[in-house]
Chemist: 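Take a look at this one; I'll ask things after.
If you read the sequence from its start, that first residue is 1, and numbering goes on from there. Computed from a predicted structure; not experimentally measured. In listed order, ligands and their atoms are each counted from 1.
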Amino acid sequence: MITFLSGGTGTPKLVRGARRHIPDHQISVIVNTAEDLWISGNHLSPDIDTLLYLFSGKLNTDTWWGIRGDSFHTHEEVKRLGIDEYIGIGDSDRALHIVRGELLRQGYSLTEATRILSSRMGIDASILPMTDEEVATLIRTGEGTIHFQEYWVKHRGTLPIQEVIRYAPTGPFASAEVINAIGRADLVIIGPSNPITSILPILECSGVVPALMDAFVIAVSPFIGDAPVSGPAAALMKARGLSPDSASTCSLYRDFCDLFVQDIRDPVPVPGSLRYDTLMIDPEKSAALAGALIEAGKKGKAGNTACS
Ligand code: GDP
């Protein structure tokens, strides 16, 4: 079994490739929930949604969010009627948010709600929210402290970041399912997701890092040189006092990382790293990278030496 730690773009591209090599029921994906929010009365979980749509074959892989070919009539009407719905939510996409909101209001945990939705969508993989507790990534800017989605989607990442804040009033604790998925895995893969907003929130859930130390873990860099392949990771790394590159990413994972993977184009080598073409511009590239990682995983033994 392979267990991934995932955000909503880089790692899902790798999961797409892994599905060419192993059946879905042998894949678990532990998913960041620090970007979740209630919006227009319904529950948006952006990274979980991407995985649900990926595994059910509906994902819009031009954007890596939402449903391919979705319409936006409700979104336009909601805005016309005066709600500042700053995230474009498709009509079919909204149906998922409505049902999840209802399940949560009925008292189901996020883990249970995701399992129910996965089953109704015919998904065999285990999609596991990192925690059932409330967690949010907030961004302190000169104009106040705002939710990460507001920073990235509403303001298009243009506001200077003063601080990245993780709001987690009750923990957070990893769910038992998450710890079990790491413990049972033959290989754990941290895909090329944003270290600050996608992977650190998972690592901050208590129980995750000790479990990873006992597992065989391969991590893939989302940076080539001093720039991410896409998204705001550079500004977020700098806000945490880190340089936006593979070496800093590796250092964040040093306590548990057994193999670190950098792109073949990255001009600044991290000692001991494996070099692959990590630019997953199509399903074949995703499959090739996933296949290489699976092969590397078969040879490896946990020693946590890659980034130390
Ligand atoms: P988010 O939740 O949408 O922010 O998505 P993730 O955190 O899962 O992924 C965002 C990160 O993926 C960015 O930092 C990108 O640099 C990285 N990324 C996206 N596509 C690729 C790719 O094909 N290869 C690599 N190496 N990184 C990628």
Chemist: With a 4.0 Å cut-off on heavy atoms, does Asp263 reach ligand 1?
Modeler: no

Chemist: Looking only at N/O atoms, are Pro228 and ligand 1 under 3.5 Å apart anywhere?
Modeler: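 Not met; the criterion fails.
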
Chemist: Same cluster for Val188 and Met130 if Ile/Leu/Val/Met/Phe/Trp/Tyr side chains link at under 4.5 Å?
Modeler: yes

Chemist: Among protein heavy atoms, which sits nearest to atom 8 (O) of ligand 1, and what does the distance come to when rounded to 0.1 Å?
Modeler: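 Looking at atom 8 (O) of ligand 1, the protein heavy atom closest to it is Ser193 OG, 2.5 Å.
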
Chemist: SG-SG distance between Cys250 and Cys257 under 2.5 Å?
Modeler: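 Their SG atoms do not fall under 2.5 Å; no disulfide, then.
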
Chemist: My understanding is that we take every heavy atom of each candidate and find the minimum distance to atom 7 (O) of ligand 1. Doing that for Ser198, Gly10, Ala34, Pro192, which one comes out nearest?
Modeler: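 It is Ser198 that holds the nearest heavy atom.
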
Chemist: Tell me, which protein residue and heavy-atom name are nearest atom 24 (N) of ligand 1, and how many Å apart are they?
Modeler: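 Scanning the protein heavy atoms, the shortest distance from atom 24 (N) of ligand 1 goes to Thr278 O, 2.7 Å.
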
Chemist: What is the nearest protein non-hydrogen atom to atom 20 (N) of ligand 1, stated with its residue, atom name and distance?
Modeler: Lys13 NZ, 2.9 Å

Chemist: Between His75 and Phe72, what is the ring plane arrangement, given parallel below 30°, perpendicular above 60°, and tilted in between?
Modeler: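 Perpendicular: the ring planes of His75 and Phe72 meet at over 60°.
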
Chemist: Heavy-atom contact under 4.0 Å between Pro232 and ligand 1?
Modeler: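 The answer is no, since Pro232 has no heavy atom less than 4.0 Å from ligand 1.
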
Chemist: Check the pair Leu138, Glu150 against side chain to side chain contact (heavy atoms under 4.5 Å, CB included), reporting the backbone distance first and the verdict last.
Modeler: CA-CA 9 Å; Leu138 307 177; Glu150 211 176 328; over 6 Å; no

Chemist: If the cut-off is 4.0 Å to any non-hydrogen atom of Ala233, which atoms of ligand 1 fall inside it?
Modeler: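 Checking each atom against Ala233, I get 14 (O).
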
Chemist: Do you know which two heavy atoms are closest between Ala34 and Arg166, and how far apart they sit?
Modeler: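 Heavy atoms only, the tightest pair is CB-CD, 4.5 Å.
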
Chemist: Among all protein heavy atoms, pick the one closest to atom 2 (O) of ligand 1 and tell me residue, atom and distance.
Modeler: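 Checking every protein heavy atom, the shortest distance to atom 2 (O) of ligand 1 gives Gly8 N, 2.8 Å.
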
Chemist: To check your reading of the model: name the closest protein heavy atom to atom 14 (O) of ligand 1, its residue, and the distance in Å.
Modeler: Ser230 O, 3.5 Å

Chemist: Any salt bridge between Arg19 and Asp24, counting N to O under 4.0 Å?
Modeler: yes

Chemist: If you take all heavy atoms of Ala113 and Arg100, which pair is closest and at what distance?
Modeler: CB-CG, 4.4 Å

Chemist: Yes or no: does Asp47 have any heavy atom under 4.0 Å from an atom of ligand 1?
Modeler: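 Yes, that is the case, since the closest heavy atom of the residue is under 4.0 Å from the ligand.
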
Chemist: State whether Asp277 and Arg265 are salt-bridged, where the test is any N-O pair (Lys NZ or Arg NE/NH1/NH2 against Asp/Glu carboxylate O) under 4.0 Å.
Modeler: yes

Chemist: I want to know if ligand 1 touches Pro222 in the polar sense, i.e. an N/O pair below 3.5 angstrom.
Modeler: yes

Chemist: For atom 21 (C) of ligand 1, what's the nearest protein heavy-atom neighbour? Residue, atom name and distance, please.
Modeler: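 That would be Val229 CG1, 3.6 Å.
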
Chemist: Does the N or O separation between Val220 and ligand 1 drop below 3.5 Å for any pair?
Modeler: no

Chemist: Looking at Arg94 and Asp70, does any basic side-chain N land under 4.0 Å from a carboxylate oxygen?
Modeler: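 No, no charged N to carboxylate O under 4.0 Å.
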
Chemist: Which heavy atom of the protein is the closest neighbour of atom 3 (O) of ligand 1, given with residue, atom name and distance?
Modeler: Thr9 OG1, 2.7 Å

Chemist: How far is atom 10 (C) of ligand 1 from the closest protein heavy atom, and which atom is that?
Modeler: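 Nearest protein contact, heavy atoms only, for atom 10 (C) of ligand 1 is Asn194 N, 3.8 Å.
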
Chemist: Leu279 heavy atoms, cut-off 4.0 Å: which ligand 1 atoms fall inside?
Modeler: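 Selected atoms, number and element: 23 (O).
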
Chemist: To check you understand the geometry: which heavy-atom pair defines the closest contact between Ser175 and Thr111, and what is its length?
Modeler: CB-OG1, 4.1 Å

Chemist: Is the contact between Ser221 and ligand 1 made by the side chain, the backbone, both, or neither, using heavy atoms and a 4.0 Å cut-off?
Modeler: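 Ser221 to ligand 1: backbone contact only, side chain stays beyond 4.0 Å.
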
Chemist: Salt bridge check, Arg115 against Glu112: does any charged N sit closer than 4.0 Å to a carboxylate O?
Modeler: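 No, this pair does not count.
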
